[in-house]
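For ligands, and for the atoms within them, numbers begin at 1 and follow the listed sequence. Worth saying up front: this structure is predicted, and the values here are computed from it rather than measured.
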Amino acid sequence: MAFSLPDLPYAHDALASQGMSAETLEFHHDLHHNAYVTNGNAAIAGTEWEDKSLEQIIIGTYDTSSIAQNGIFNNLSQLWNHNQFWEMMSPGQSKLPGELEAALTESFGSFANFKTAFSAAGAGQFGSGWCWLVRNADGSLAVTKTENGVNPLCFGQTALLGCDVWEHSYYIDFRNKRPGYLSNFLDNLVNWENVASRM
Ligand code: MN3
């Protein structure tokens with residue numbers, strides 16, 4: 001079964017007043033995300049992975065011995081990552097649910113400390129990748145960063161929040177200012193109710 005490109009959960013210009021332009025979403029969703037769909041489907045055609053779920057393919061093809069990974073993993077992990085990413089943002093200011101604020105305060109000392117740690121992870125990822133808020137198998141929360149398309153599924157973690165720090169995610173709106181993109185993401189774009197729903 002071939003994978004398909006999900007529609008954005010909002011209009012292309014819905015986040016423009018919050019720092020993510022229609023042009024960014026046209027490139028990022030319609031071109032970059034779509035390329036992962038096309039290339040991922042081509043990579044699994046005729047292989048043992050053809051009828052597997054996205055999650056099974058990601059976990060099954062992740063190579064712990066290689067930073068470069070392989071074409072199946074790279075494209076389909078990025079497909080999954082972007083499927084999550086659009087859902088993790090929302091038009092309009094999102095309210096931080098009390099249960100999530102309490103969990104973040106317990107794990108990081110305060111909501112502000114969590115944001116500092118998350119931004120530092122994203123800014124500190126050398127080259128392309130992602131930063132994450134994850135829930136570990138033991139229930140604890142952590143901030144992590146991963147290279148290229150690697151994601152929390154590879155480590156048995158649940159992705160609560162992820163931010164794409166590939167240049168294609170911020171170069172149109174923030175040029176080379178990745179830290180500014182990250183702080184804007186946390187302050188204006190995150191759908192905190194979606195994050196809480198993943199707990
Ligand atoms: Mn991307």
Worksheet item: Can you tell me the angle formed at the Mn ion (ligand 1) by NE2 of H28 and NE2 of H82, to 10°?
Response: 90°

Discussion item. Counting backbone and side-chain atoms alike, is an N, O or S atom of H32 positioned under 2.8 Å from the Mn ion (ligand 1)?
Written reply: no

Worksheet item: Among N151, N148, T146, which residue meets the side-chain hydrogen bond (donor to acceptor under 3.5 Å, both in side chains) test with N81?
Response: N151

Discussion item. Under a 3.5 Å threshold, yes or no: a donor from one side chain and an acceptor from the other, between H32 and W166?
Written reply: no

Worksheet item: Does any N, O or S atom of H168, backbone or side chain, fall under 2.8 Å from the Mn ion (ligand 1)?
Response: yes

Item to complete: Using only heavy-atom distances, determine whether the side chains of Q125 and W130 contain a donor-acceptor pair under 3.5 Å.
Response: no

Worksheet item: Nearest 0.5 Å, what's the CD-CD1 distance between E26 and I172?
Response: 8.5 Å

Fill in: Identity of the N, O or S atom of D164 lying closest to the Mn ion (ligand 1)
OD2

